Amino acid sequence: MTTDKPVPRSPLGILASATATHGTGGPDDIALPRLPGFVESAFSPLAYEVVRQCLAERPDGGTSRSWGSPRASEAESGGGSRTAVALAGLMGDTTTADLASRRMVAGRVHNPLLFMQATPNSVLGHMSREFRITGQMFSLSTLDDSLTELLAMADLLLEDPELDRVLVLGVELGGGERAAAVYRELAVDSHPLAGLPANAGRAAALLLARPGAGAPVTVRADRTNDSDTGTAACPGSIQGLFDLASAHRRLSRDGGSHRLATQPQAPAFILTADSEARKETETHAHQ
């Protein structure tokens with residue numbers, strides 16, 4: 001494989017995946033969960049929701065030593081210091097940033113809640129407390145494919161023997177003024193949520209570990225060649241996360257393998273179902 005882009009050097013096991021959309025007009029749109037201290041924007045509630053779904057799907061974090069133990073509550077399912085989190089998005093919470101800017105220009109009193117939630121680290125802190133995740137937490141902004149960046153980071157973090165899992169997620173919001181200006185600067189004609197309200201958004205998350213940790217599906221970088229297929233994506237797009245989550249659900253159910261090409265000239269990935277891990281997962285899902 002010939003690419004300068006970061007790619008995972010070792011295979012990763014996918015323990016769980018989740019997606020959520022709001023205000024897009026699609027059939028899978030959800031009502032936003034209420035988060036104390038977070039207002040106006042869909043960014044933080046969407047991030048919270050996909051993390052909640054991942055941890056609800058694998059409340060034990062996917063570690064074999066937890067099989068057979070009483071089901072942990074969601075507030076106790078994050079894995080403590082053994083879980084790291086990485087959140088990716090090109091521009092972060094543009095809804096909050098735009099609202100705070102408009103209030104300042106209008107001479108209105110500054111809302112401290114907007115200052116607090118303007119950085120993605122705020123919702124990471126909330127999730128740390130809610131799910132008792134105390135491992136490293138990171139926020140990323142990239143012009144490259146977010147999926148590739150997140151998988152490469154998860155691979156690097158899992159070199160740490162003190163970590164068992166890495167929770168990666170991405171969030172995108174609808175077409176506010178700030179987002180439109182950035183995409184014009186990047187010479188992007190449109191983006192997946194163009195034309196939608198600024199409070200529309202989507203998010204996707206993956207709970208990752210090393211293969212053999214009860215993961216029903218494994219993902220690895222395609223070492224044969226760069227992808228010359230795939231769909232051209234906007235800079236920093238999280239579409240690859242949605243595509244991988246969809247493939248993970250299908251392979252977990254049906255088995256087999258799948259080659260995921262995220263976008264032209266970007267690294268591709270091979271997903272393979274582990275039949276034994278799938279059986280174990282299905283067994284405990286029905287208990």
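Position 1 is the first residue of the sequence; numbering continues from there. This is a predicted model, so every value here is computed, not measured.
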Flag, side chain of Thr272 to backbone of Ser257, donor-acceptor distance under 3.5 Å: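 Such a contact is absent between Thr272 side chain and Ser257 backbone.
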Counting N and O atoms only, with roles assigned by atom type, does the side chain of Glu172 sit under 3.5 Å from a partner on the main chain of Ile238, one being a donor and the other an acceptor?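 Such a contact is found between Glu172 side chain and Ile238 backbone.
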Considering non-hydrogen atoms only, spot the tightest contact between [X] and [Y] and give its length.
X      : Y      : answer
Gly201 : Leu46  : C-CD1, 3.4 Å
Pro197 : Gly23  : CD-O, 4.3 Å
Leu251 : Ala273 : O-CB, 3.7 Å
Leu241 : Leu169 : CD1-C, 4.1 Å
Ile133 : Leu55  : CD1-CD1, 4.3 Å
Ala200 : Thr24  : CB-N, 4.4 Å

Is the shortest heavy-atom distance from the side chain of [X] to the side chain of [Y] under 4.5 Å?
X      : Y      : value
Ser81  : Glu162 : no
Val219 : Leu260 : no
Thr148 : Val7   : yes
Met137 : Ser128 : yes
Leu208 : Ile14  : yes

Gln53-Glu49 side chain donor-acceptor pair, cut-off 3.5 Å: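 Per modelled atom types, Gln53 and Glu49 side chains form a pair under 3.5 Å.
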Donor-acceptor pair between Asn121 and Ser139 side chains, under 3.5 angstrom: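 The answer is yes; a qualifying pair exists.
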Cationic N near anionic O, under 4.0 Å, Arg210 to Asp155: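 Looking at Arg210 and Asp155, the cut-off is met.
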Treat each ILVMFWY residue as a node, draw an edge where side-chain heavy atoms are under 4.5 Å apart, and state whether Ile270 and Leu150 are in one component.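 Each belongs to a different hydrophobic cluster.
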